[in-house]
2 protein chains.
Amino acid sequence: MTPATGAAGGEPPVSEAVAERLADTMFALSSPSRVRIMGLLLAGPRSVTDLTNALGMEQSAVSHQLRVLREHDLVRAEKTGRRRLYALSDEHVSTLLHAALHHAGLTERPAGARQQPDGLGTVAW
Amino acid sequence: MTPATGAAGGEPPVSEAVAERLADTMFALSSPSRVRIMGLLLAGPRSVTDLTNALGMEQSAVSHQLRVLREHDLVRAEKTGRRRLYALSDEHVSTLLHAALHHAGLTERPAGARQQPDGLGTVAW
DNA sequence: ACAATACATGAAGAATCATTCATCCTTTAA
DNA sequence: TTAAAGGATGAATGATTCTTCATGTATTGT
């Protein structure tokens with residue numbers, strides 16, 4: 001087997017555990033709603049109501065998706081008064097997000113791109 | 001509204017179109033099987049049979065997942081003889097993958113980490 | 001105390017996904 | 001030509017997922 005393909009030895013290059021962790025994180029970013037939320041948070045902390053208005057979805061849906069992001073440590077909530085301020089959990093996350101956005105901006109253009117060359121709005125790095 | 005949260009002006013920081021594209025790409029990496037495949041390809045091109053053996057899943061399942069990766073431009077197939085050599089579609093992808101792996105390696109340790117500090121095996125950069 | 005605001009959460013339903021099974025196509029070997 | 005190897009693909013099925021609806025809890029305002 002593997003007649004000229006390269007080494008195919010013993011331990012896998014990416015352990016199954018890591019694969020699962022990575023997939024899990026990617027999953028959290030695999031829905032447009034959640035990515036849009038992350039996109040908004042990229043510009044600074046937002047309350048659930050802010051997000052709900054900006055996204056044009058139901059408050060319940062936003063909360064549900066925020067929960068997913070929370071459970072995956074992508075965002076953190078800080079409660080002040082009766083509202084909860086959501087923010088990216090750390091700059092590490094925003095780095096990953098930017099990398100991903102950059103990737104998304106470079107690959108396969110749908111022919112009718114009218115947005116910024118990379119699809120980013122005004123983003124504060 | 002938005003009483004001290006920051007700007008909440010007009011155009012979204014991440015367009016809906018980009019969010020969809022990004023989510024789409026992330027989706028392709030949101031299953032452990034596909035991540036493991038990518039992990040193997042990180043070490044070099046592999047045939048479907050190679051992957052099937054290394055992964056311990058059925059050939060059909062591997063082909064199905066390869067298709068997803070293909071349709072998302074994450075891998076490319078080159079046919080030589082009666083086998084198909086799959087490889088990461090470009091180095092750009094492997095960059096993103098490494099970034100993601102790095103992220104996965106740093107966040108929340110499941111308490112029982114026995115792998116390399118970052119969970120990577122022998123990986124050729 | 002009462003009402004309204006801000007969020008969270010459980011249930012339900014439609015849609016989507018990953019895997020297996022069976023089958024088909026193509027290419028090499030006998 | 002026949003058979004086998006290497007893959008791809010459609011159908012079926014069980015498991016997840018996203019959204020809406022309804023309702024619950026905590027906090028502020030009057």
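Naming convention: chains lettered A, B, ... in sequence-line order (proteins, then strands); numbering from 1 in each chain.
We find that CD of Gln65(B) is positioned 10 Å from P of dT20(C), with the value rounded to whole Å. Atom C1' of nucleotide dA5(D) and atom CZ of Arg84(B) are separated by 13 Å, given to the nearest angstrom. Atom CZ in Arg46(B) sits roughly 16 Å away from atom P in dG6(D) (whole-Å rounding). Nucleotide dG7(D) holds its P atom 9 Å from the OH atom of Tyr86(B), rounded to whole Å. Look at CG on Leu85(A): it is 16 Å from P on dT27(D), rounded to the nearest Å. In this structure, Glu78(A) places its CD atom 16 Å from C1' of dA6(C), rounding to the nearest Å. Between Asp50(A) atom CG and dC7(C) atom P there is a gap of 8 Å when expressed in whole angstrom units. Regarding Met26(B), its CE atom lies at a distance of 18 Å from the C1' atom of dT17(D), rounded to whole Å.
One side chain, Gln59(B) or Ser63(B), offers a donor N or O that lies under 3.5 Å from an acceptor on the other.
Across dC18(D), dT9(D), dG6(D), the shortest atom-to-atom separation from the side chain of Ser31(A) is found for dC18(D).
At a cut-off of 3.5 angstrom, the base of dT26(C) holds no donor-acceptor pair with the side chain of Arg82(B).
The structure places OG of Ser89(A) at 12.5 Å from NE2 of His72(A), a figure rounded to the nearest 0.5 Å. Distance check, rounded to the nearest 0.5 Å: CZ of Arg84(A) to OG of Ser47(A) gives 11.5 Å.
The two residues Ala100(A) and Leu22(B) make their nearest non-hydrogen contact at CB-CD1, 3.5 Å.
No more than 12 heavy atoms of other residues, nucleotides or ligands sit less than 6.0 Å from atom CZ of Arg76(B).
Residues Phe27(A) and Val68(A) have side chains in contact (heavy-atom distance under 4.5 Å, counting atoms from C-beta outward). You'll find the side chain of Leu51(B) reaches within 4.5 Å of the side chain of Leu66(B), heavy atoms only. Taking the side chain as every heavy atom from C-beta outward, Thr49(B) and Arg83(B) never approach each other to under 4.5 Å.
For Arg34(A) and dT17(D), the shortest distance from a side-chain N or O to OP1 or OP2 is not below 4.0 Å. A sub-4.0 Å separation between OP1 or OP2 of dT19(D) and a side-chain N or O of Ser33(A) is present. Under 4.0 angstrom from either OP1 or OP2 of dG10(C) there lies at least one side-chain N or O belonging to Arg67(A).
Tracing side-chain contacts under 4.5 Å through hydrophobic residues (I, L, V, M, F, W, Y), one never reaches Leu96(B) starting from Val14(A); they form parts of separate clusters.
Mapping Ser30(A) and Lys79(A) onto DNA chain D by nearest heavy atom places Ser30(A) closer to the 5' end of the strand.
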Open item on the list: Please convert DNA chain C into dot-bracket. A pair counts if it is Watson-Crick or G-U wobble with both distances under 3.5 Å; crossing pairs go in [ ] and bases paired with another strand get |.
Closed with: ||||||||||||||||||||||||||||||

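Shown for residues 55-64 of chain A: residues whose heavy atoms fall under 4.0 angstrom of DNA chain C, namely Gln59(A), Ser60(A), Ser63(A), His64(A).
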